[in-house]
Amino acid sequence: MSRKRKSSEGLNENPKKAIKLRPDLSEITAVIVEVGLGKTRAEILANQLARRGGKRIKQLDSSATHVLIDKKLSVERVKKYLCVKDIPKEVAVVDSDWLSTCLSEGKLVAVDEYILREVKSSDTASACELRKSRVEEIVSDVGGEEVEHSESFNVDVGMGTGGETTGTSTVFSRSPVKYSVVGLQDRSGDDGSDYTDSGDEESKSDRSPVVSPNVSPEKLQTTLVCTQASTSNQGNHNQFITDKLQVLATAYANTKDQWRALGYKKAIASIKNYHKKLETWEECNNLPFVGERLAKKIWEIVQTGHLRRLDHVDPKQDAINLFVGVWGAGPTAAETWVSQGLKTLQDLKNHGKLTRQQQIGLKYYDEFLERMSREEAGKIEEVVKKAALDINPGLEAFACGSFRRGKPTCGDVDIIVSHPDGKSHEGVMARLLEILKSSGFLTDDLTLAENGMQRKYLGVCKLPGENTKHRRLDIIVVPYNEWACALLYFTGSDYFNRSMRLLAKNNGMSLSEHSLNTGVIRKGNEKIFEGTPLPVCTEKDVFDYLGLEYRGPHERDCGKVGVISCRRRDGLVFLEEMSYICVKEDEISLMCNGTRYDRHEVPLNYKDSKFWIYLGTYLGLVLFAGLMSGLTMGLLSLDVLSLKVLQRGGKPIEKKYASKILPIVEKHHLLLVTLLLANAAAVESMPIFMDRISTPVIAIVVSVTAVLLFGE
DNA sequence: TGACAGTGGGT
DNA sequence: ACCCAC
DNA sequence: GTCA
Ligand SMILES: O=c1ccn([C@H]2C[C@H](O)[C@@H](COP(=O)(O)OP(=O)(O)OP(=O)(O)O)O2)c(=O)[nH]1
Ligand SMILES: [Mg+2]
């Protein structure tokens, strides 16, 4: 909301400026060469270009008008990078500064100054002229026109009804129909901010085949409950919504940015979790992880049964999704291939440039997308386990991942290997692979098996027999002192891990497959000091340190994606600071991946201001305890008689004190009881506070010595 | 406006 | 440094 | 994309 307000305000207040700063680049289709420019900068330029109507393409083709490169780059290198023999004359090879200048000047600047094409005798002149005239055309074209719509129009499409009339009524004239359908860019209405998102990831094309749309919700509801079976809590009442959103989620994951995709995923999980069919706008808008924009999309689906947005996905998207399915290929590789005109796996096999891993991924494309039965995973586990025991009967080997979580199907088999003696795990990997390979069980390596001190293996295996398929196999060999953290890590789920690690982070700790560290110091977001590993023997220890109730592997399945966040039972977000103290029992609970946890205490560290509070109270307690025991001894050793003597016959000061103390001492056991109680209370509560700023053992030791020194 | 997990292998 | 994966 |  605030964004929209901002931009329209800006428009009203200073229309000239708004227009001036927005050159129309719609005639420009440019290849931006990242080499020398840097990926981030290239992307900023690309975003700006797209935002002003221009188009960036990855591969030089007939639609290209410009090639933007860093000025230090030789044209020869550019050719090599683009995999072309020659760059057509009509295409201007220009310094990327040209675009920057255009943007800052707010208009198209003559390109001449920026041309970087190699000077090759005669034809340069004509080429230059060609380009010049072309640019002039563009410039004149833009001179008469207004700007802005494509963007405000976009906003309206994205926001549904949200766009206020002020913008649309004043600005229209040219039909904006070509709202840049570039991929999935559904950009926010704010100006200025070039989002340099640069990160791509988040879920490879979600492999479950997208369920065909438009199944009657009623049907789904009934069928779902019985088909979904045991594992899920109660089934998805809104599949017709989540399916649609899922399309966008994977599209974003496979192309643009992981974070938008993450947003979608959380929202989808949230919807799946909802106990009933979504009916009112209120319901939509109150879902956790569903904000204004998604609420509108959801609401549109609820009302119309359709999401217009889905009609505008980039046609290339299908091919991209297809290619991201090959193991070892991500959004970048996929886009490269697509932009080279590749469309099918056949194309890829024949003409694509693949890494070694991707070749294997392609070879087993179908098999890798399949999930195996739990039973088969168990067999694979046995094979590996046997091989391990052959090496050393003391070795332990267990299948983790989805198998350990009890899932009915497994996408791969993840096996952890270690030895309780803490040493014998060394060198096991190589020997293990040797055995498994010689038996023909392992068919391909995705990681090179060359390195001697290897801890992680990714490969392909196949059970002996006729109708068996190639399966992905992951093996890790870990030192036994890391067993718990490694087991926790390898069991997942991935989102469970991420949640837990985030929780650790928010408490000044850091959780990895190696260890749980405390006392981590971060400056901003980067780690300054790694912290020190906490002693962790079992998975449960990690839960304990984090103040979580233990969850068995079967309960770590977060079909629900979610951030660990703290909420009150009554639903109010009490905000942050996991170190909040429970005053009333059970009042504080933890919401993780859609399920709640009650928390006990959490270790603190000096990063927290609370740490000092605890330290302070601790010291206070020590002194207090000392005072108490001192008083106990002192006061009780005085007898009433001598005090009375003092009261009468002592110096004036002594008299005064004596009469003050006397009434206290006279209530003899009352005094004793209070003192003892106070002392006991102080002493007892010391370790409680100490506990939270240190490990228990240390806490006890320190407490005891402190009491000895100051108290007794 | 910045964070959304933390790590390791491959190129 | 980037991409991709667990 | 959402949240704080
Ligand atoms: O991004 C990730 C991916 C995986 N893991 C951990 C948790 C996961 O359980 C384990 C094994 O990874 P895998 O990809 O095999 O996931 P899975 O849980 O076993 O599911 P699948 O059935 O697809 O194999 O590695 C992470 O911590 N982060
Ligand atoms: Mg797995």
Side-chain angles (χ1 to χ4, degrees), chain A residues 2-3 34-35 38-40 158 184 186-188 190 193 195-204 245 248-249 252-253 256-268 270 287-297 324 326-336 353-358 361 400-402 411-412 414 416 445-451 454-458 472 474-476 485-486 489-506 509-517 520 522 524-525 527 530 561-566 573 575-576:
Chain A
S2 65
R3 283 191 194 147
E34 288 177 359
V35 176
K39 183 171 152 58
T40 358
L184 286 153
D186 150 312
R187 39 187 51 122
S188 51
D190 66 342
S193 84
Y195 47 85
T196 67
D197 238 319
S198 100
D200 283 6
E201 189 212 318
E202 212 56 35
S203 132
K204 292 201 63 149
L245 294 183
L248 288 182
Y252 279 127
K256 271 216 312 184
D257 52 322
Q258 54 165 325
W259 303 120
R260 197 180 297 270
L262 180 61
Y264 271 85
K265 278 193 152 189
K266 287 180 182 170
I268 289 171
S270 188
L287 257 28
F289 305 118
V290 171
E292 196 183 324
R293 314 194 88 223
L294 272 174
K296 280 199 169 124
K297 291 190 173 62
V324 171
V326 355
W327 197 98
T332 308
E335 197 198 314
T336 307
K353 190 184 163 214
L354 309 193
T355 68
R356 202 185 65 87
Q357 290 176 320
Q358 289 161 351
C400 302
S402 45
D412 65 0
D414 312 284
I416 183 175
D445 298 332
L446 289 164
T447 57
L448 262 6
E450 286 166 18
N451 200 339
Q454 193 176 3
R455 344 198 101 209
K456 182 158 81 173
Y457 172 80
L458 309 182
R472 287 274 298 100
D474 302 348
I475 303 176
I476 59 175
C485 287
Y489 155 69
F490 221 32
T491 299
S493 70
D494 47 1
Y495 279 104
F496 173 84
N497 288 351
R498 290 167 73 165
S499 290
M500 209 175 200
R501 290 169 179 206
L502 182 60
L503 177 62
K505 183 179 196 171
N506 288 341
M509 296 184 267
S510 172
L511 176 62
S512 76
E513 50 270 49
H514 300 297
S515 61
L516 173 64
N517 287 18
V520 176
R522 292 183 176 84
N525 206 20
K527 243 185 274 190
E530 290 203 328
V561 184
V563 180
I564 290 189
S565 62
C566 273
V573 180
L575 179 59
E576 207 42 63

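Since this is a predicted model, take the numbers as computed values, not measurements. Chain naming here is simple, since letters A, B, ... match the order of the sequence lines and numbering starts at 1 in each.
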With the side chain counted from C-beta on, respond yes when [X] and [Y] share a heavy-atom pair under 4.5 Å apart, and no when they do not.
{"X": "A:Leu458", "Y": "A:Arg472", "answer": "yes"}
{"X": "A:Met500", "Y": "A:Leu511", "answer": "yes"}
{"X": "A:Gln357", "Y": "A:Trp327", "answer": "yes"}

For [X], which contact category applies under a 4.0 Å heavy-atom criterion: base, sugar-phosphate, or nothing?
{"X": "A:Ala333", "answer": "sugar-phosphate"}
{"X": "A:Asn497", "answer": "nothing"}
{"X": "A:Asp412", "answer": "nothing"}
{"X": "A:Phe490", "answer": "sugar-phosphate"}

Could you work out which one of [options] sits closest to the side chain of [X]?
{"X": "A:Arg501", "options": "C:dC4, C:dC6, B:dG6", "value": "B:dG6"}
{"X": "A:Asn525", "options": "B:dA3, D:dT2, C:dA5", "value": "B:dA3"}
{"X": "A:Ser512", "options": "C:dC6, B:dT7, B:dC4", "value": "B:dT7"}

Roughly how many Å is it from [atom1] in [X] to [atom2] in [N], rounded to a whole number?
{"X": "A:Lys456", "N": "C:dC6", "atom1": "NZ", "atom2": "C1'", "answer": "5 Å"}
{"X": "A:Leu446", "N": "C:dA5", "atom1": "CG", "atom2": "C1'", "answer": "10 Å"}
{"X": "A:Tyr457", "N": "B:dG9", "atom1": "OH", "atom2": "C1'", "answer": "14 Å"}
{"X": "A:Trp259", "N": "B:dC4", "atom1": "CH2", "atom2": "C1'", "answer": "4 Å"}
{"X": "A:Arg522", "N": "B:dA3", "atom1": "CZ", "atom2": "C1'", "answer": "12 Å"}
{"X": "A:Asp257", "N": "C:dC4", "atom1": "CG", "atom2": "P", "answer": "15 Å"}
{"X": "A:Ile476", "N": "C:dA5", "atom1": "CD1", "atom2": "C1'", "answer": "14 Å"}
{"X": "A:His514", "N": "C:dC6", "atom1": "NE2", "atom2": "P", "answer": "17 Å"}

Q) Just how far is it from atom NZ of A:Lys266 to atom CG of A:Leu287, taken to the nearest 0.5 Å? A) 14.0 Å
Q: Starting at CD of A:Gln258, measure out to NZ of A:Lys265 and round the result to the nearest 0.5 Å.
A: 10.5 Å
Q | Inter-nucleotide C1' distance (C:dA5, B:dA5), Å rounded | A | 14 Å
Q.
Rounding to an integer number of angstrom, what distance separates D:dT2 and B:dT7 when you compare their C1' atoms?
A. 26 Å
Given [N], is OP1 or OP2 found less than 4.0 Å from the side-chain N or O atoms of [X]?
{"X": "A:Lys505", "N": "B:dG6", "value": "yes"}
{"X": "A:Arg498", "N": "B:dA5", "value": "yes"}
{"X": "A:Asn517", "N": "B:dG6", "value": "no"}
{"X": "A:Arg472", "N": "C:dA5", "value": "no"}

Q: Could you tell me whether a side-chain N or O of A:Asn517 sits under 3.5 Å from a main-chain N or O of A:Glu530, the two making a donor and an acceptor?
A: yes
Q.
Let me spell it out: for each of A:Thr355 and A:Lys527, pick the nucleotide of DNA chain B with the closest heavy atom. Which residue's pick is nearer the 5' end?
A. A:Lys527
Q) Quick one: on DNA chain B, does A:Glu513 or A:Gln357 contact a more 5' nucleotide (nearest heavy atom)? A) A:Glu513
